[in-house]
Amino acid sequence: MSEPTKKQLIINAFAMHSPSHLNPGLFRYPTDQGSSYKNIQTWITLAKKLEAAKFHAIFFADVLGGYDVYKGPSNLSPTIPAAAQFPINDPLYSIPAMAAATESIGFGVTASTTYDAPYALARRFSTVDHLSNGRVGWNIVTSYLDSAARNFGLDTQVEHDERYRIADEYLDVTYKLWEGSWRDDAVVWNQGVNGTEVNGSDAGGSKKERSTQYADPTRVRQIDHKGKYFQVPGPHLCEPSPQRTPFLLQAGTSTAGKAFAAKHAEAVFLHAQKPELVRPSVDSIRQQAAALGRNPADIKVIAGALVIVAETDEAAHAKVEELKKYGDREGALALFGGWTGYDLSTYADDQDFRFVELPAVRSMVNHWASTVPGTEGVKWDKRTIADYLVLGGNGVKIIGSVKTVADELERWVSVGDVDGFNLSYASLPDTFDDIIELLLPELRRRGLFWEDYAVKGGTLRENMYGQRGQSRLPEAHTGAKYFWKAGQDVPPYSLNESE
Ligand SMILES: Cc1cc2nc3c(=O)[nH]c(=O)nc-3n(C[C@H](O)[C@H](O)[C@H](O)COP(=O)(O)O)c2cc1C
């Protein structure tokens with residue numbers, strides 16, 4: 001066994017409000033509960049189970065259109081039978097219900113800066129931050145599906161780097177609303193006439209005299225944002241929530257994506273096959289963050305992974321083969337079409353995509369060919385691609401006994417410098433049950449995973465950073481310049497700075 005590293009892992013569950021997330025067709029597996037995604041009890045039961053096991057959070061991926069490129073254009077017929085991320089409900093509405101049934105686990109929710117107005121999004125996240133006692137995170141995405149663009153009134157997607165420029169200004173608007181529109185001590189109803197608190201709780205019941213004002217109007221102000229992409233006068237509609245800005249996550253490894261992450265993200269999701277290959281991106285994001293004055297350790301790097309663990313290596317591989325029988329290969333190729341924009345149906349069945357003329361597809365497939373275990377000498381045709389993507393999508397698959405899996409996770413930490421994992425499922429909740437019963441005790445034995453939440457009943461940011469009292473953005477974060485602290489007559493930023 002390699003020398004144990006004492007970095008405490010962040011362990012999240014990666015899910016979707018759809019019958020299948022990264023497992024097209026697996027709703028057919030006899031014990032799979034993916035098709036119960038519409039039932040709030042499914043999510044409440046899962047949240048309680050994951051909290052009992054001390055998962056940091058559940059992260060919900062989300063998309064705003066169908067995967068209609070394969071056998072397209074605009075064709076959902078391979079997608080629909082597989083339930084390949086379709087149908088899909090909005091994840092945000094389930095968070096307060098899960099929060100009411102738990103006290104410490106966090107919830108990440110994906111929302112797009114391309115198709116949602118910042119004023120409305122800021123309000124929705126503040127609402128859920130209040131109702132969850134500060135346990136919500138925002139997975140900031142710029143989106144990738146043309147089908148979403150068309151349904152939001154565009155002919156095609158906004159150009160890739162332009163999406164990130166829009167996202168950058170979008171974040172400024174939301175920081176101003178969350179951090180700079182209401183002074184920290186704006187709400188005064190429970191302060192009493194002489195400034196002393198008359199009622200520590202907002203549940204009511206105190207007979208003592210309360211302030212005549214709910215909030216002090218001199219401590220709530222317009223943000224008057226006038227930028228290139230957004231005009232938002234404000235003020236923010238919600239009073240300050242526990243975290244103000246929700247814990248910020250981001251996924252995207254293009255040059256523009258990494259620059260965005262270095263400036264804004266508190267956690268970054270990455271997909272890669274090997275920790276050696278993830279390391280340059282991790283180093284680049286941490287270096288860029290340091291150049292912006294941030295503590296590089298304040299960016300938590302979280303690798304997406306499918307972990308299938310069993311008593312022995314053979315049993316784990318047998319489990320994978322059994323699960324794969326239920327996978328839908330057409331659905332997997334539909335996912336590939338949406339992720340890349342390329343329709344593999346236009347190629348012959350025996351086309352080896354390691355040699356295809358499309359550079360983007362060729363390089364992706366060659367990457368898989370050189371990294372996916374057990375595929376040496378295999379022809380990467382549609383069958384192989386579908387078989388590879390049908391469980392766990394494009395993320396690494398770590399399959400084996402407890403020792404095999406724990407050793408490999410340790411290697412990801414020491415070689416890749418990652419801080420943790422977003423664990424997807426092949427079958428819901430069986431994949432998590434195995435991880436809880438078999439893997440987590442071993443990670444604890446190796447000193448790699450906490451016994452309990454750092455801050456029981458704390459905010460998501462407190463538990464992600466492992467620090468009590470760290471509910472707000474760190475002071476060195478770009479959003480902290482918008483803080484409007486108690487006692488400051490005006491917030492420390494100029495109203496006109498983004499003009
Ligand atoms: C692990 C991971 C999870 C992602 N989850 C979502 C998601 O739920 N919704 C979405 O629209 N995009 C998602 N993305 C896509 C990214 O947000 C981004 O659009 C994509 O990686 C392209 O950005 P890039 O060109 O900067 O890499 C995810 C990407 C990764 C790597």
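Both counts, for ligands and for their atoms, begin at 1 and track the order of listing.
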Counting from 1, what ligand 1 atoms have a heavy atom of T253 closer than 4.0 Å? 24 (P), 26 (O), 27 (O)
Would you mind running through ligand 1 and noting each atom that sits below 4.0 Å from a heavy atom of Y164? 23 (O), 24 (P), 26 (O)
Evaluating non-hydrogen atoms only, which member of A167, G257, S254 is closest to atom 26 (O) of ligand 1? S254
Name the orientation class of the two ring planes belonging to H17 and F60 (parallel below 30°, tilted from 30 to 60°, perpendicular beyond 60°). tilted
Report the part of L64 (side chain from C-beta onward, or backbone N, CA, C, O) that has a heavy atom under 4.0 Å from ligand 1; answer both or neither where that applies. neither
Between W138 and Y170, what is the ring plane arrangement, given parallel below 30°, perpendicular above 60°, and tilted in between? tilted
Within the 3.5 Å criterion, strictly below it, is a donor on S284 or Q288 matched to an acceptor on the partner's side chain? yes
Quick test of your reading of the structure: of L145, T142, I140, whose heavy atom lies closest to atom 19 (O) of ligand 1? T142
At a 4.0 Å cut-off, with the gap strictly under it, does some heavy atom of H160 reach an atom of ligand 1? yes
N/O to N/O below 3.5 Å, does that happen between H271 and ligand 1? no
Does S143 reach ligand 1 with a nitrogen or oxygen that is under 3.5 Å from one of the ligand's nitrogen or oxygen atoms? no
Can you name the one residue among D381, L358, D352 that meets side chain to side chain contact (heavy atoms under 4.5 Å, CB included) with Y347? L358
Please indicate, with yes or no, if any protein heavy atom is found under 4.0 Å from atom 22 (C) of ligand 1? no
Are H477 and Y175 an aromatic pair, judged by ring center distance below 6.0 Å? yes
A side-chain contact here means heavy atoms from C-beta on lying under 4.5 Å apart; do T384 and W368 qualify? no
Write out the residue and atom name of the closest protein heavy atom to atom 6 (C) of ligand 1, then the distance separating them to 0.1 Å. V141 CG1, 4.0 Å
Quick one: nearest non-hydrogen protein atom to atom 9 (N) of ligand 1, plus distance? D62 O, 2.7 Å
In terms of atom number and element, which parts of ligand 1 are under 4.0 angstrom from non-hydrogen atoms of A61? 8 (O)
I'd like to check whether Y144 has a polar contact with ligand 1, where a contact means an N/O of the residue lying under 3.5 Å from an N/O of the ligand. no
Just by distance, no angles: are the side chains of T245 and R461 close enough, under 3.5 Å, to form a donor-acceptor pair? no
Show me which atoms of ligand 1 lie under 4.0 Å from any heavy atom of F269. 1 (C)
With a 6.0 Å cut-off on the ring centroids, do F59 and F269 count as close? yes
Is the closest heavy atom of F260 to ligand 1 under 4.0 Å? no
Contact (N/O only, under 3.5 Å) between A251 and ligand 1: yes
Can you name the closest pair of heavy atoms from M464 and A57 and give their distance? CE-CB, 4.2 Å
Parallel, tilted or perpendicular: rings of F152 and Y115 (30°, 60°): parallel
Under 6.0 Å between ring centres: does that hold for Y453 and W450? yes
Which residue supplies the protein heavy atom nearest to atom 5 (N) of ligand 1, what is that atom called, and how far is it? N139 ND2, 4.2 Å
